[in-house]
Amino acid sequence: RRPVAVDPTWSKTASKTGDPTPRRIQIISPCFNAPADLRLLYEDLSKLDLTLADGSPLAIALLVIDNASSEPLERIEPPAGLCVKVVRLARNTGGSGGYNAGMALALDAWHASKTPAEFFWLLDSDARPETSALTGLVRAMDNHPHMVIIGSSIASPITGEVFEIGGRLDRFLGQFRPQYSETE
């Protein structure tokens with residue numbers, strides 16, 4: 001693996017408290033041959049609420065892992081103000097390989113940075129996050145400092161019905177099982 005400089009330029013945010021230092025979130029999103037999904041993700045991220053209830057600002061930077069798409073994804077122009085770095089892989093490594101490459105790059109940048117991310121947000125390129133999704137995740141991390149991983153519930157974009165809330169690995173069968181469902 002060759003090192004790639006991915007030290008992000010953080011998005012600019014307004015602070016209600018006058019504290020100019022935002023809390024930084026590095027978003028990692030692998031994508032393969034889905035430019036329409038990536039455009040929608042750019043739009044969704046540019047609309048995120050980046051202020052916590054106490055007025056603390058958040059800053060985001062998106063690392064897109066182009067999983068060797070037919071047409072390079074770096075050609076897609078992000079909205080003004082959204083800080084995006086696209087890293088193209090030589091071959092399609094699948095979603096997990098894309099996340100692995102993205103995490104490796106983000107961790108390298110974290111170790112080398114003077115302004116490291118406080119959190120990493122792993123976000124599928126076809127996800128449609130609500131405007132309050134990030135503030136909710138940061139609030140949950142703040143309320144549960146013993147946790148190292150917290151994730152969002154997943155809902156149908158059509159009906160709004162939640163169909164997944166976390167999960168666990170069945171070590172005996174080696175299968176992922178939902179932790180909770182709508183009926184629990």
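A continuous path of Ile, Leu, Val, Met, Phe, Trp and Tyr side chains, each step under 4.5 Å between heavy atoms, connects L137 with M141, placing both in one hydrophobic cluster. No path of Ile, Leu, Val, Met, Phe, Trp and Tyr side chains, each step under 4.5 Å between heavy atoms, connects L40 with Y42, placing them in separate hydrophobic clusters.
Note that CZ of R128 and CG of L41 are 5.5 Å apart. Values are rounded to the nearest 0.5 Å. In this structure, the separation between CG on L58 and OG1 on T51 is 7.0 Å, given to the nearest 0.5 Å. Distance check, rounded to the nearest 0.5 Å: CD1 of I65 to CE of M103 gives 11.0 Å. The line from SG of C31 to CD1 of I76 is 7.0 Å long, rounded to the nearest 0.5 Å. For the atom pair CG (L45) and OG1 (T131), the distance works out to 11.5 Å, reported to the nearest 0.5 Å. For the atom pair L48 CG and T135 OG1, the distance stands at 8.0 Å (nearest 0.5 Å).
Residues Y99 and L123 come closest through the heavy atom pair OH-C, 3.2 Å. Minimum interatomic distance between P30 and G98 (heavy atoms only, all atoms of both residues): CB-CA, 3.8 Å. Here the closest heavy-atom approach between residue P129 and residue D44 is recorded as CD-OD2, 3.7 Å.
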Hey, mind stepping through L134 and I25 against side-chain contact (heavy atoms from CB on, under 4.5 Å) and telling me if it holds? CA-CA 9 Å; L134 182 57; I25 293 45; 4.0 Å; yes
Test T21 against T115 for side-chain contact (heavy atoms from CB on, under 4.5 Å), laying out the working first. CA-CA 10 Å; T21 307; T115 57; over 6 Å; no
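In this structure a side-chain-to-backbone donor-acceptor pair under 3.5 Å is missing from Q26 to F120. With hydrogens and angles disregarded, no donor-acceptor distance shorter than 3.5 Å links the side chain of S113 to the backbone of W110. In this structure, the side chain of D124 does not engage the main chain of A127 through any donor-acceptor pair within 3.5 Å. In this structure a side-chain-to-backbone donor-acceptor pair under 3.5 Å is present from D54 to S56. S29 contributes no side-chain N or O that, together with a main-chain N or O of V64, makes up a donor-acceptor pair within less than 3.5 Å. For N92 (side chain) and A68 (main-chain N/O), no donor-acceptor pair under 3.5 Å exists by modelled atom type.
Think of L173 as one node in a network of Ile, Leu, Val, Met, Phe, Trp and Tyr side chains linked at under 4.5 Å; its network also takes in F172. Members clustered with F32: none, using a 4.5 Å side-chain heavy-atom cutoff among hydrophobic residues.
Applying the ring pair (Phe, Tyr, Trp, His ring centres under 6.0 Å) test to pairs two or more places apart or on separate chains, none has a residue in residues 67-93.
N67 has its side chain out of reach of L73: every pair of non-hydrogen atoms, C-beta onward, lies at least 4.5 Å apart.
Atom CZ of R23 sits in a crowded spot, with more than 12 heavy atoms from other residues, nucleotides or ligands closer than 6.0 Å.
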